[in-house]
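Data block below; observations after.
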Amino acid sequence: MTSYEAAGVDIEAGERAVSLMRDKVARSRRPEVVDDASGFAGLFDASALLRYQRPLLATSTDGVGTKVMLAQQYGRHDTIGIDLVGMVLDDLVVCGAEPLFMTDYIACGKVVPERIAEIVGGVAEGCRLAGAALVGGETAEHPGAMGPDEYDLAGAGTGVVEASAMLGPSRVREGDVVLALASSGVHSNGYSLVRHVLREASLSLDADLPELDRPLGEELLEPTRIYSLDCLALAREVDVHAYAHITGGGIEGNLSRSLPDHLDAVLDRAAWTPPAVFSVLAGHGRIAQADMDRTFNLGVGMAAIVAAEAVDEALRLLQGRYVDAWVLGEITLGTGQARYRQAR
């Protein structure tokens with residue numbers, strides 16, 4: 001006789017994983033979450049939207065790319081879920097939406113309850129940092145399709161914004177100022193190139209490099225900074241016109257998406273020094289500056305476009321929230337592109 005377990009699926013391990021993650025998920029709970037005794041769906045009380053005159057729902061979905069492969073290689077699984085939340089919910093806040101709730105999906109070769117609980121615990125912690133609730137998820141065991149220590153994760157989030165308060169290119173004006181909000185590191189983009197550099201340069205994740213204050217693996221697995229609550233607070237207090245989440249495509253590529261066709265963002269490369277991890281990757285990988293610009297955030301995780309008269313107040317507010325920020329550039333007449341100012 002054969003069985004599901006003989007085929008490689010351990011139902012009891014899945015149930016134990018759910019039990020281990022329950023308390024961690026509860027820390028992300030919002031008052032609008034409604035319990036569903038069956039557990040088949042996550043419920044959120046939509047009457048909370050009645051305070052809006054014209055509520056617009058915003059949704060986003062994403063994963064964390066091949067950063068999961070480094071997490072598996074390094075044996076650290078408690079922060080990759082934070083990366084997932086950053087990738088999903090910080091996309092919502094770009095239009096001014098408040099993140100409400102999120103769901104996750106984990107596929108793995110073998111359910112190891114403690115490992116799954118660590119991953120989901122990271123997702124729950126990320127949701128807490130973003131002010132959202134983790135209302136549900138799914139863990140699927142795929143023996144034969146994935147190795148026993150392999151996994152991947154993805155998620156989807158929902159938020160809400162008042163239609164009249166929606167941010168974006170239509171609000172941007174000539175003379176506005178671009179502010180940079182510091183990243184916590186590489187975040188979750190460019191890891192195919194990162195892994196290529198590690199292979200070609202024979203770099204170990206345990207390597208202690210003179211440019212870094214900790215092992216290379218810890219530097220590369222630093223979780224993505226979550227900006228949701230900071231961006232919402234900034235938009236409440238000062239005249240913010242648009243945000244740009246700096247993910248795949250780099251600063252220029254993502255900031256261009258937040259510009260109208262007749263304006264440019266002219267950026268000053270001398271305004272900041274990217275964290276050392278980027279020079280490590282560029283040096284060991286012999287990566288050209290243009291490729292660094294297109295692939296990585298280079299130390300800028302979010303950009304805010306604000307009215308010129310709001311700059312000082314915006315920087316004070318961000319400093320008070322322990323977000324390093326600085327003036328990155330200005331908005332000028334142009335063709336809808338973000339670009340660096342030409343050196344004289």
Side-chain angles (χ1 to χ4, degrees), residues 62-87 106-110 112 114-116 118-119 121-123 126 142-154 182-225 246-254 269 272-301 324 340:
D62 211 336
V64 291
T66 60
K67 189 174 184 177
V68 294
M69 299 175 71
L70 293 191
Q72 292 157 26
Q73 183 180 344
Y74 202 61
R76 181 168 188 182
H77 315 289
D78 60 334
T79 59
I80 199 72
I82 298 176
D83 290 298
L84 178 65
V85 175
M87 295 298 289
I106 301 171
C108 60
K110 179 179 176 58
V112 178
E114 292 76 13
R115 184 166 62 206
I116 297 299
E118 284 189 72
I119 297 168
V123 179
H142 292 172
M146 306 176 77
D149 293 324
E150 293 179 339
Y151 61 82
D152 197 8
L153 66 159
S183 72
S184 56
V186 183
H187 284 185
S188 297
N189 295 102
Y191 277 82
S192 292
L193 180 53
V194 169
R195 292 185 301 106
H196 178 77
V197 171
L198 295 180
R199 288 193 304 269
E200 293 298 308
S202 299
L203 284 173
S204 165
L205 292 179
D206 294 320
D208 288 309
L209 301 177
E211 301 94 331
L212 304 177
D213 297 327
R214 52 184 173 172
L216 179 59
E218 291 186 27
E219 188 72 40
L220 292 173
L221 287 172
E222 177 68 28
T224 301
R225 178 159 198 154
I246 311 304
T247 55
I251 298 171
E252 293 166 286
N254 285 284
R269 201 184 286 275
W272 86 107
T273 300
V277 65
F278 295 106
S279 61
V280 166
L281 293 170
H284 284 275
R286 300 191 300 277
I287 306 172
Q289 185 64 54
D291 284 317
M292 292 295 295
D293 289 344
R294 283 192 296 264
T295 307
F296 299 112
N297 67 58
L298 298 183
V300 180
D324 289 335
Y340 288 105

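For this chain, numbers begin at 1 and follow the sequence in order.
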Please tabulate, for the side chains in residues 199-220, all donor-acceptor contacts under 3.5 angstrom to protein atoms that are two or more places apart in sequence or on a different chain.
unit_1, atom_1, unit_2, atom_2, d
S204, OG, D206, N, 3.0
R214, NE, E219, OE1, 3.1
R214, NH1, E222, OE1, 2.9
R214, NH2, E222, OE1, 3.0

So do [Y] and [X] actually touch side chain to side chain, heavy atoms under 4.5 Å?
X    : Y    : result
K67  : L221 : yes
H187 : T247 : no
T295 : I287 : no

Separation between [atom1] of [X] and [atom2] of [Y], rounded to the nearest 0.5 Å:
X    : Y    : atom1 : atom2 : answer
I251 : M292 : CD1   : CE    : 10.5 Å
I246 : N254 : CD1   : CG    : 5.0 Å
E118 : T79  : CD    : OG1   : 9.5 Å
S183 : F296 : OG    : CZ    : 11.5 Å
H142 : C108 : NE2   : SG    : 8.0 Å

_Can you give me the closest heavy-atom contact between G299 and P275, atom names plus distance?_
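Nearest heavy atoms, G299 then P275: CA-CD, 3.6 Å.
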
*Of all heavy-atom pairs between A276 and S279, which one has the smallest distance, and what is that distance?*
O-OG, 2.8 Å

*Take D149 and R115 through the test side chain to side chain contact (heavy atoms under 4.5 Å, CB included) and record every step on the way to the result.*
CA-CA 10 Å; D149 293 324; R115 184 166 62 206; 3.2 Å; yes

_Heavy-atom count check: over 12 atoms from other residues, nucleotides or ligands less than 6.0 Å from M69 CE?_
no

Examine distances only and state if a side-chain atom of [X] and a backbone atom of [Y] form a donor-acceptor pair shorter than 3.5 Å.
X    : Y    : value
D62  : L84  : no
W272 : L298 : yes
D83  : P223 : no

*H77 vs Y151 aromatic rings, parallel, tilted or perpendicular, using cut-offs 30° and 60°?*
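Geometry flag for Y151 against H77: perpendicular rings.
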
*What pairs of residues pass the salt bridge (Lys or Arg N to Asp or Glu O under 4.0 Å) test when at least one of them lies in residues 279-301, not counting sequence neighbours?*
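Sorted pair list: R269-D293, D291-R294.
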
_Worked verdict on V64 versus Y191 for side chain to side chain contact (heavy atoms under 4.5 Å, CB included)_ = CA-CA 9 Å; V64 291; Y191 277 82; over 6 Å; no

*Apply side chain to side chain contact (heavy atoms under 4.5 Å, CB included) to the pair N297 and N189, showing each step before the final yes or no.*
CA-CA 8 Å; N297 67 58; N189 295 102; over 6 Å; no

*Under the salt bridge (Lys or Arg N to Asp or Glu O under 4.0 Å) test, which residues partner R225, sequence neighbours left out?*
none

